[in-house]
Amino acid sequence: MKRRWFILTALLVFLLPRETYAMHIMEGFLPLNWAVVWSLASLPFLYLGLRSIGKVTSENPQLKMLLGVAAAFTFVLSALKLPSVTGSSSHPTGVGLGTMLFGPMAMSVIGCIVLIFQALLLAHGGISTLGANTFSMAVVGPLVAYGVYKAAKKVGAQGISIFLAAALGDLATYVTTSLQLALAFPDPTGGVMASLIKFGSIFALTQVPLAIVEGLLTVLVYNYLTVYSQSELQELALLRGDVQHDPGA
C-alpha cells in the first residue's frame, strides 16, 4: 500500500500544472491588516491541531502512514487549480477525508502544511495570504465537514455521510473565502453584503461541481482504505470511542 500511494502521489504531483500566483487567495492580494487578522485567527486551531496529532501518533505510531495518506490526498486535490475570480482560484480541498479519520483539529495542521508546500515547492505563492487560506480551507472546511459527517451518520448510510461531509466542507471553504474577500474589498455602494453576494455567486459556478466531484472521490478513497487499512481504521474507531475495545480480543 505504501508503495502504491507513493507512486500515485509522485505521478500526480509531476503532472500538475506549474503556475505562479495560483494560490487559493493569491500572493499579496489581501491588505496587510486582513492578512494579519486571519493569521491570528488560525493560530489557536493550529495549536490544538498539533496537540491532537502528537497525542494520536505518540500513542499509536502505526497510524502515521494513514495520516500521511490523508495529507497526500489533501495535497493532490488542493493543487488542482482552476481560474475563478480576480485574486483567487477554485479547487477541491481534500480535507474531508482526513477530517473523518483524524478530526478537524488535526486537519488544521495538515492543511496549513499542504498550503506551505504548494506555495514553496509548486511556486503557487500565497505566503502573505497563508493565514486566510489556512482559516478557510484548513479550519472552517474541516469543522463543517466533521459536523456534517457526525449528523449525517445518525440518519444515513456511511457512504452518503462521507459524500455530504466532503462536499459541504469544500463549499464551506469557498463561502468563507467569499466572506474574506468581501470584508477586504466591500462594494462601494452595497458594502460587504453586496460584495459577498458577488464573490459567492461567481465561486458557486465553479465550486459546486468541484464539491460534488470531491465528495464522490472521497467516498471511493475511503472505501479503498476500508479494504487495505482495516486495522488502522479499527484503531481510529477505538480512539474515537465509536466501538468498544474487547480486552479478550
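Atoms OG and NZ, from Ser161 and Lys150 in turn, are 10.5 Å apart once rounded to the nearest 0.5 Å. To the nearest 0.5 angstrom, Gln180 atom CD is 7.0 Å from Asn133 atom CG. Note that the CG atom of Leu50 and the NZ atom of Lys55 stand 15.0 Å from one another [nearest 0.5 Å]. Going from atom CD1 of Ile202 over to atom OG of Ser178 covers 9.0 Å, rounded to the nearest 0.5 Å. Going from atom OG1 of Thr134 over to atom CG of Leu43 covers 9.5 Å, rounded to the nearest 0.5 Å. Atom CG of Leu32 and atom OG of Ser128 lie 9.0 Å apart (nearest 0.5 Å).
Between Phe29 and Phe185, the ring centre distance stays below 6.0 Å. Checked against the 6.0 Å centroid threshold, Phe203 and Phe199 do not count as a close aromatic pair.
Nearest heavy atoms, Gly49 versus Ser108: CA-OG, 4.0 Å. Considering every non-hydrogen atom in both Thr218 and Ala166, the closest pair reads OG1-CB, 3.5 Å. Nearest heavy-atom pair, Gly98 versus Ala70, reported as atom, atom and distance to 0.1 Å: CA-CB, 3.8 Å. For the residue pair Leu183 and Pro186, the shortest heavy atom distance occurs at O-CD, 3.7 Å. Between Ala35 and Ser39, the closest heavy-atom pair is O-OG, 2.8 Å. The heavy-atom pair separating Ser42 from Gly131 by the smallest distance is OG-O, 3.1 Å.
A heavy-atom distance below 4.5 Å is not found between the side chains of Leu196 and Asp187. Counting heavy atoms from C-beta outward, Glu235 and Gln62 have side chains that approach closer than 4.5 Å. Using a 4.5 Å cut-off on side-chain heavy atoms (C-beta onward), Gln158 and Thr226 make no contact. The shortest distance between side-chain heavy atoms of Ile127 and Leu120 falls below 4.5 Å. Put simply, the side chain of Val140 does not reach to within 4.5 Å of the side chain of Thr173, judged on heavy atoms. Residues Met105 and Leu46 fail the side-chain proximity criterion, which asks for heavy atoms closer than 4.5 Å. For the pair Val109/Phe45, no side-chain contact is recorded, criterion being any heavy-atom separation below 4.5 Å from C-beta on. Proximity of Val139 to Leu143: side-chain heavy atoms (C-beta onward) are separated by under 4.5 Å at one or more points.
A donor-acceptor pair under 3.5 Å is formed between the side chain of Asn223 and the backbone N or O of Val219. When atom types are taken as modelled, the side chain of Thr176 and the backbone of Ala172 share a donor-acceptor pair closer than 3.5 angstrom. The backbone N or O of Gly94 lies less than 3.5 Å from a partner atom in the side chain of Thr74, making a donor-acceptor pair. Not a single donor-acceptor pair under 3.5 Å links the side chain of Ser195 to the backbone N or O of Gly191.
In the hydrophobic clustering of this structure, Ile160 groups with Phe163; members are Ile, Leu, Val, Met, Phe, Trp, Tyr whose side-chain heavy atoms approach within less than 4.5 Å, directly or through other members. If you chain together hydrophobic residues whose side chains sit under 4.5 Å apart, Leu210 and Val175 never meet in one group. Under the 4.5 Å side-chain contact rule for hydrophobic residues, Met137 and Leu179 share a cluster. Hydrophobic clustering, with ILVMFWY side chains joined whenever heavy atoms are under 4.5 angstrom apart, groups Ile212 together with Leu217. The cluster map of Ile, Leu, Val, Met, Phe, Trp and Tyr, joined by side-chain heavy atoms under 4.5 Å apart, puts Ile113 and Met107 in the same cluster.
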Exercise for the section: Check the pair Leu101, Leu225 against side-chain contact (heavy atoms from CB on, under 4.5 Å), reporting the backbone distance first and the verdict last. Expected result: CA-CA 11 Å; Leu101 296 175; Leu225 292 176; 4.1 Å; yes

Practice task
Show your reasoning for whether side-chain contact (heavy atoms from CB on, under 4.5 Å) applies to Leu181 and Ile25.
Solution key: CA-CA 9 Å; Leu181 293 173; Ile25 296 178; 4.2 Å; yes

Problem - side-chain contact (heavy atoms from CB on, under 4.5 Å) between Glu232 and Leu236, worked out - result: CA-CA 6 Å; Glu232 289 86 351; Leu236 284 171; 5.7 Å; no

Practice task
Using the side-chain hydrogen bond (donor to acceptor under 3.5 Å, both in side chains) rule, take Glu27 and Thr129 through it: C-alpha gap first, then chi angles, then the decisive distance, then the call.
Solution key: CA-CA 6 Å; Glu27 180 68 61; Thr129 55; 5.6 Å; no

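Counted within 6.0 Å of OH on Tyr146, heavy atoms from surrounding residues, nucleotides or ligands total 12 or fewer; the atom is thus considered open.
Residue pairs meeting the side-chain hydrogen bond (donor to acceptor under 3.5 Å, both in side chains) criterion with at least one partner in residues 93-106, sequence neighbours excluded, are Thr93-Glu214.
Just one of Ile110, Leu66, Ile53 meets the side chain to side chain contact (heavy atoms under 4.5 Å, CB included) condition when paired with Phe102; it is Leu66.
Ring planes of Tyr174 and His91: perpendicular class, angle over 60° (limits at 30 and 60°). Under the 30°/60° scheme for interplanar angles, the aromatic rings of Trp34 and Trp38 are found to lie parallel.
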